[in-house]
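Chain A is the first sequence line, chain B the second, and so forth, proteins listed ahead of strands; every chain is numbered from 1.
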There are 2 protein chains.
Amino acid sequence: MPTRKPEPTPTEPPKPVRLTRAQRTAILKALSDPKRFELLETIARSQCPLGCTAAHEALSIAPATLSHHIKELQTSGLIDVRREGKFAFLSIKPGVLEALSTYLQSLSPAGCPTR
Amino acid sequence: MPTRKPEPTPTEPPKPVRLTRAQRTAILKALSDPKRFELLETIARSQCPLGCTAAHEALSIAPATLSHHIKELQTSGLIDVRREGKFAFLSIKPGVLEALSTYLQSLSPAGCPTR
DNA sequence: ACATCAATTCGATAGTTGTCGAAACGTCGA
DNA sequence: TCGACGTTTCGACAACTATCGAATTGATGT
């Protein structure tokens, strides 16, 4: 196969991201820490690639702690970390939160309203 | 104001359950434990009021541990516990998972596809 | 009243983890 | 090459928590 792109994907079909049980629990554990969740919110609210220094200022924690939380979010598959020379940029990995969200919603009670 | 019900609500409009930040973190912490999440799944999949003994058989944990997890899910606002004589019945509190799910989805990146 | 059973509470233990200072690493500019 | 800076790793500590056995509470049936 030479330089032949298999798909041009002009409008980019949003593939639906399937989560395993292990991934689900990993993600939930990653989200369970308040500081970490706040970090994720900060990344989400900013324009996607958030500088690491900006994050350090937004939350008030030591650099070591921030690095730890970043790694935790990364290994759980929630964010992408792009390194550009000295800096690191954080962005939310698309589809993961949606997948979790969908699964959580599927657990909702069909009937049984407080009965 | 005498005995005047403000609303008869014949078809039961599903009120949308607003979550505070504290509630969100409490819920996420409650969901972060695998056994606890499995318990919630078990409650969800069963017909809503799940017997406590059935839960103890589904997961394989000591009664004391199960009781602890039940209390944890209850105080976080995820489930209701109805006591009937000797027994306890667990049911998912309606609206809470939906509210969390909606909030998580609102954090998804608008643009910035891996860029 | 008593025994039985479901569920909870208590106390203890082992494992996990959030936090940070100090040191190390890698990059950039002078 | 050197120093400054952003980030990570290391080591340690404190707090939290999942787990369980034993004891307790509360309800039910005999």
> OP1, OP2 of D:dT9 versus side-chain N and O of A:K71: anything below 4.0 Å?
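So the side chain of A:K71 is within the cut-off, an N or O lying under 4.0 Å from OP1 or OP2 of D:dT9.
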
> How long is the line joining CD1 of A:I61 and C1' of D:dT7, in whole Å?
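Computing the A:I61:CD1 to D:dT7:C1' distance gives 13 Å.
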
> Measure the OG1-CD1 distance between A:T75 and A:I27 for me, rounded to the nearest 0.5 Å.
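Here the interatomic distance stands at 10.5 Å.
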
> Just the atom pairs and distances: protein N or O near nucleotides 14-17 of chain D's N or O, under 3.5 Å.
unit_1: D:dT17; atom_1: OP1; unit_2: B:K29; atom_2: NZ; d: 3.4

> Can you see if the side chain of B:S67 gets near the phosphate of C:dT8 - specifically, an N or O under 4.0 Å from OP1 or OP2?
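Checking B:S67 against C:dT8: at least one side-chain N or O falls below 4.0 Å of OP1 or OP2.
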
> Check whether any side-chain N or O of A:K86 sits under 4.0 Å from OP1 or OP2 of C:dC25, and answer yes or no.
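For C:dC25, neither OP1 nor OP2 has a side-chain N or O of A:K86 closer than 4.0 Å.
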
> In whole angstrom, what separates A:L31's CG from C:dG18's P?
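Rounding to the nearest Å, CG of A:L31 and P of C:dG18 are 12 Å apart.
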
> Given atom CG of B:L59 and atom C1' of D:dA18, what is their separation to the nearest angstrom?
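Spelled out: CG on B:L59 to C1' on D:dA18 is 13 Å.
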
> For a quick test of reading the model: is some side-chain N or O of A:T65 closer than 4.0 Å to OP1 or OP2 of C:dC20?
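It does, given that an N or O in the side chain of A:T65 lies less than 4.0 Å from OP1 or OP2 of C:dC20.
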
> Do B:L40 and B:L97 have side-chain heavy atoms sitting under 4.5 Å apart?
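Sidechains of B:L97 and B:L40: in contact.
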
> Of the nucleotides D:dA27, D:dA22, D:dG6, which one has an atom closest to the side chain of B:A64?
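It is D:dA22.
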
> Are OP1 or OP2 of D:dT8 and a side-chain N or O of A:R83 less than 4.0 angstrom apart?
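Answer is yes, contact under 4.0 Å.
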
> In this structure, how many angstroms lie between the P atom of C:dA6 and the CZ atom of B:R82, rounded?
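The answer, rounded to whole Å, is 18 Å.
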
> Given atom CZ of B:F87 and atom C1' of C:dT8, what is their separation to the nearest angstrom?
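B:F87 atom CZ is separated from C:dT8 atom C1' by 15 Å.
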
> Report the distance from atom NE2 of A:H69 to atom P of D:dT7, rounded to the nearest whole Å.
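In whole Å, D:dT7 P lies 16 Å from A:H69 NE2.
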
> Measure the shortest side-chain to side-chain distance between A:L73 and A:V81 over non-hydrogen atoms and say whether it is less than 4.5 angstrom.
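Answer no - side chains too far apart.
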
> Kindly say whether A:E38 contributes a backbone atom to a donor-acceptor pair with the side chain of A:T42 at under 3.5 angstrom?
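It does hold such a pair.
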
> On the six-membered ring of A:F37, is B:R24 placed so that its NZ or CZ lies under 6.0 angstrom from the centre and within 45° of the ring axis?
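No.
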
> Figure out the CD/P separation between B:E84 and D:dA27, and round it to whole Å.
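In whole Å, D:dA27 P lies 13 Å from B:E84 CD.
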
> Round to a whole Å and report the spacing from CD1 of B:I70 to C1' of C:dA7.
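Going from B:I70 (CD1) to C:dA7 (C1'), I get 9 Å.
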
> Got A:L39 and A:D33 here, is their nearest side-chain heavy-atom distance under 4.5 Å?
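No. Closest side-chain heavy atoms not under 4.5 Å.
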
> B:E98 side chain to B:G95 main-chain N or O, any donor-acceptor pair under 3.5 Å?
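Yes, the answer is positive, given that a donor and an acceptor are paired below the 3.5 Å cut-off.
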
